[in-house]
Amino acid sequence: MKKTGLFALALSLGMAAALGAASAQTTLRMTWYSDGAEGDVMKDLLARFEAKNPDIKVALDQVPFKAINENLPVQLAAGQGPDIARVVDMGGVAQYALDLRPHLKDAAYWEANFGPFLEWMRQPGDTASIPGYMTQLTVTGPLVNKTLFEQAGVPLPGAKATWEDWAKAAKAVADKTKAPYPIAVDRSGHRFYGVAVSMGSTMVGADGKLTPVDEGFKRAAQMIVDWHKSGVMSKELWGSVSGSAYRGANEEFKNAQVPFYLSGSWQIGQFDKTVGDAFDWIAAPTPCGPANCSGMPGGAALVAIKTTKSPKEVARVMEYLASEDVLTEFYARTLFVPGHIGIAKKGVAYQGASKQAAAALKVFGDQVGALAPAAYAIQGNPFSRIVFNAAISRLGQAIAGEGTLDQAYERVAADVAQQVAERLKK
Amino acid sequence: MSSTQAPTQAAPKPAREGLGGRVVAAALGLFDAPMAWLQRALGLGAMPYAFLAPNVLFFGVFVFLPIAINLVYAVTGGVNIYPSQRPFVGADHFRALGDCASFLDPATCREDHFWRGVRNTLVFTFFQMIAMVGSALVTALVLNRRIVARGFFRAVFFFPVLLSPVVVALIWKWILQRDGLLNAALVAAGGEKILFLVEPTWAMAWAIFVSVWAHMGFYTLILLAGLQAIPADIYEAAEMDGTPPTRVFWRLTLPLLWPNLVVVLVLVLIRGVQTFDEVFVLTGGGPGTATLMVVQYIYETAFANPVQNFGLAGAASILLGALLFALTMLQLALARGKSKEARA
């Protein structure tokens with residue numbers, strides 16, 4: 001009887017301890033999207049974190065990219081967002097981001113290694129907060145099907161080649177190889193600005209006011225429209241859908257239908273896997289315009305959300321993920337251009353990357369240093385996504401034959417003004 | 001007193017004897033006590049309202065409340081979700097939507113995408129209605145005859161109705177794209193590839209075709225039911241009188257089928273105005289804005305743009321709702337007029 005009583009007491013204490021431990025565990029929700037294999041890598045890293053920190057559990061909610069831009073802002077505005085989220089519209093989400101500084105052990109590490117990119121995550125006027133870190137720095141630039149150029153006997157334009165040089169060469173290749181898309185450019189405002197910056201666009205006028213349609217914008221728009229008219233670009237990308245819908249040419253590039261594809265560094269991982277040895281492809285430096293040879297920077301950031309009930313635990317997760325060792329492993333396994341200055345300086349030994357993927361990563365890595373200051377400023381402008389979307393929507397209409405370019409310019413300016421006013425309405 | 005006795009008096013006898021009948025009667029009997037209690041508590045006069053209450057509550061929460069919230073959004077601005085945080089802007093959103101130099105030319109309108117959506121929706125609905133009703137009627141007439149493998153053909157025409165609109169659109173997208181099945185057939189036949197989803201007229205025509213292909217089976221079923229309800233002796237009498245088949249169709253079949261045709265017309269019209277998923281997946285609203293529908297405009301304004309303008313989208317929804325209501329009333333009025341004519 002005595003033994004039974006002791007056993008019952010021990011069992012009760014054990015259960016109470018277990019329940020206590022379970023209730024002491026904090027569950028954090030992380031909303032995440034993937035371009036390639038980074039979701040699996042993150043899952044792996046989080047599992048290791050949880051093993052070392054049993055008081056924290058991180059539930060990784062993997063969602064489509066579309067949900068990050070369309071659903072997450074609604075969740076955040078309703079105060080029902082996750083604790084941590086991977087976002088691309090950093091300026092748009094800035095108002096919901098948590099300043100991690102009070103909870104970080106070493107804020108100086110963050111300033112030193114993520115400093116230039118932290119500006120993209122802050123609200124206008126804020127020069128100090130630390131909302132998160134870059135999971136990936138991206139650079140727009142061309143991916144070239146080298147095999148098609150060789151088959152056509154057309155030499156690849158050199159490092160300082162202009163847009164016109166590439167257009168002429170790509171058209172010659174397409175004519176000889178029957179490739180249906182001489183040049184493909186992602187249907188994205190960000191990619192359009194990858195051209196517009198080299199044409200001299202700054203998005204902000206000398207008076208500091210948002211000026212979506214400047215001379216650089218017009219030069220780039222005219223060139224894109226002319227390319228559609230002359231058959232250098234097919235209407236299937238920019239002219240086939242409406243509004244600001246994104247349309248990439250990944251499938252067409254993989255199927256060797258595109259000699260010159262203007263996209264960016266984030267495609268390397270998937271092309272390395274999917275193209276394999278079907279053909280040789282390379283990354284080329286951004287073609288030059290009259291202003292410079294700069295593309296656009298971009299990327300994705302992991303940010304803490306201020307509605308979290310566990311800011312300290314969120315900071316611990318973020319500190320772990322942003323630490324140099326963990327982040328180096330993350331970049332190496334995902335084939336991403338590092339968004340951490342220290343790691344970028346040391347270089348990343350990419351795991352499992354083929355020779356051509358490693359070469360392409362080097363080209364894009366070198367491009368980071370060649371980006372124009374205007375490109376960084378545009379990416380950091382809190383209204384840049386509004387301009388990107390208006391530009392792609394209206395240029396798409398002009399390409400499809402719904403009005404002239406001048407009408408498109410007027411509409412871009414009006415759309416931007418209306419949406420900025422709506423966002424600022426209190 | 002009478003109210004307490006009513007259930008006992010009204011207790012139904014089992015419809016069928018035997019074990020099954022007794023089980024059903026016993027199961028129904030379980031409700032007697034709570035119903036009697038409810039009737040005692042509320043009184044006989046309130047019982048219909050008690051039965052209606054669950055449905056009214058359901059509609060209230062899921063239909064009328066969202067309509068009321070939509071109204072609130074339509075008269076408030078900004079990007080905040082909670083109505084209390086949204087500034088009152090009155091009819092600003094409606095004024096923005098109505099700001100047009102000429103309603104016949106969307107390019108002159110401030111919200112040109114809305115008016116392009118309205119124009120496309122009207123064009124889509126009109127041609128889709130003609131094609132849908134026409135093909136459903138012809139198919140129903142053929143399937144009502146004694147043909148070989150009638151059951152099989154009925155199933156074949158109904159099968160696409162079972163598919164998800166997204167699946168339908170994706171299947172047809174694969175068929176219609178540059179390297180799709182149709183272009184492969186064209187090339188095999190010695191023709192040139194046609195970019196069906198890049199040319200505005202082709203894109204709209206295919207959007208209508210795909211919609212008709214996907215939904216015709218449902219409307220055929222309604223018309224087939226109507227045809228089978230027409231008494232055979234009327235046709236026998238017409239045959240004995242030597243009435244030509246075309247006259248039989250115009251003078252007998254069509255008037256007697258009219259109530260079903262009105263149902264089909266109303267349903268096709270409402271569905272046409274609400275069209276979104278199939279066309280969105282098939283064409284994305286393009287090329288340009290050639291197949292952009294009103295519902296897509298509302299969706300993009302509220303959710304897909306970086307500035308989620310719930311107010312403008314709410315105002316557009318209200319205008320769309322008003323249009324749907326007006327069209328339904330018009331159709332019902334026409335139906336009543338025809339019914340009276342038929343009775344006379």
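Labels below follow one simple rule: chain letters A, B, ... track the order of the sequence lines, proteins then strands, and each chain is numbered from 1.
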Peer 1: Look at A:Gln418, A:Lys66, A:Arg394 and state which one has the largest set of heavy-atom pairs under 4.5 Å with chain B.
Peer 2: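 Option with the top pair count is A:Arg394.
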
Peer 1: Less than 4.5 Å to any heavy atom of chain B: does that hold for the side chain of A:Asn389, its backbone, both, or neither?
Peer 2: side chain

Peer 1: Does OH belonging to B:Tyr82 count more than 12 external heavy atoms closer than 6.0 Å?
Peer 2: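 Yes, because the 6.0 Å sphere around OH of B:Tyr82 holds more than 12 heavy atoms from other groups.
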
Peer 1: Return the minimal non-hydrogen interatomic distance between A:Arg423 and B:Pro306, and the atom names on each side.
Peer 2: NH2-O, 3.7 Å

Peer 1: Going from CD on B:Glu111 to CG on A:Asp415, what distance comes out if it is rounded to the nearest 0.5 angstrom?
Peer 2: 7.5 Å

Peer 1: So which residue, A:Ala400, A:Pro73, A:Ala78, ends up with the most heavy-atom pairs under 4.5 Å with chain B?
Peer 2: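 With the most close heavy-atom pairs to chain B, the winner is A:Ala78.
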
Peer 1: Side chain to side chain contact (heavy atoms under 4.5 Å, CB included), that's the test. Do A:Arg411 and B:His113 meet it? Break it down for me.
Peer 2: CA-CA 11 Å; A:Arg411 286 290 183 183; B:His113 280 183; over 6 Å; no

Peer 1: Around atom CZ of B:Phe59, are there more than 12 heavy atoms of other residues, nucleotides or ligands at under 6.0 Å?
Peer 2: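 Counting neighbours around CZ of B:Phe59, 12 or fewer heavy atoms of other residues, nucleotides or ligands fall under 6.0 Å, so no.
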
Peer 1: If you tally heavy-atom pairs under 4.5 Å against chain A, which of B:Glu199, B:Glu300, B:Arg178 wins?
Peer 2: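 Most heavy-atom pairs under 4.5 Å with chain A: B:Arg178.
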
Peer 1: Any side-chain heavy atom of B:Leu195 sitting closer than 4.5 Å to one from A:Lys235?
Peer 2: no

Peer 1: Are more than 12 heavy atoms, taken from residues, nucleotides or ligands other than B:Phe126, located less than 6.0 Å from that residue's CZ atom?
Peer 2: no

Peer 1: Measure across B:Gly288 and A:Ser242 and return the closest heavy-atom pair with its distance rounded to 0.1 Å.
Peer 2: O-CB, 2.8 Å

Peer 1: What part of B:Tyr297 lies closer than 4.5 angstrom to a heavy atom of chain A: side chain, backbone, both or neither?
Peer 2: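 Neither the backbone nor the side chain of B:Tyr297 comes within 4.5 Å of chain A.
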
Peer 1: With a 4.5 angstrom heavy-atom cut-off, is it the side chain or the backbone of B:Tyr299 that approaches chain A, or both, or neither?
Peer 2: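 The answer is the side chain of B:Tyr299.
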
Peer 1: How close do B:Asn305 and A:Gln419 get, counting heavy atoms only, and between which atoms?
Peer 2: CB-OE1, 4.1 Å

Peer 1: Using a 4.5 Å cut-off on heavy atoms from C-beta on, say whether the side chain of A:Glu402 contacts that of B:Pro200.
Peer 2: no

Peer 1: Using every non-hydrogen atom in the two residues, find where A:Glu70 and B:Gln308 come nearest and quote the distance to one decimal.
Peer 2: O-NE2, 3.1 Å

Peer 1: Could you tell me which of B:Leu197, B:Leu292, B:Thr283 has the largest number of non-hydrogen atom pairs under 4.5 Å with chain A?
Peer 2: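 Max contact count across the listed options: B:Thr283.
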
Peer 1: What do the steps show when you test B:Leu312 against A:Glu422 for side chain to side chain contact (heavy atoms under 4.5 Å, CB included), and what is the final call?
Peer 2: CA-CA 10 Å; B:Leu312 195 60; A:Glu422 200 65 31; over 6 Å; no

Peer 1: I need the residue from B:Asp179, B:Thr289, B:Thr291 with the largest number of non-hydrogen atom pairs under 4.5 Å to chain A.
Peer 2: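 The candidate making the most pairs under 4.5 Å is B:Thr289.
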
Peer 1: Between A:Arg247 and chain B, which part of the residue has a heavy atom less than 4.5 Å away: side chain, backbone, both or neither?
Peer 2: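 The answer is neither part of A:Arg247.
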
Peer 1: Do other residues, nucleotides or ligands put more than 12 heavy atoms under 6.0 Å from the CZ atom of B:Phe209?
Peer 2: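 Counting other residues, nucleotides and ligands, CZ of B:Phe209 exceeds 12 neighbours.
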
Peer 1: Heavy-atom distance under 4.5 Å to chain B: side chain of A:Gln407, backbone, both or neither?
Peer 2: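 It is neither, since no heavy atom gets under 4.5 Å.
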
Peer 1: B:Arg116 versus A:Gln397: any side-chain heavy-atom pair under 4.5 Å?
Peer 2: yes

Peer 1: Can you name the nearest heavy-atom pair linking B:Pro87 to A:Lys425, along with the distance?
Peer 2: CG-CG, 4.0 Å

Peer 1: Heavy-atom pairs under 4.5 Å with chain B are the metric here; pick the option from A:Pro180, A:Ala414, A:Gly92, A:Ala245 that has the most.
Peer 2: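 Ranked by contacts with chain B, first place is A:Pro180.
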
Peer 1: Has B:Phe218 got more than 12 heavy atoms of other residues, nucleotides or ligands less than 6.0 Å from its CZ?
Peer 2: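 Open: at most 12 neighbouring heavy atoms sit under 6.0 Å from CZ of B:Phe218.
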
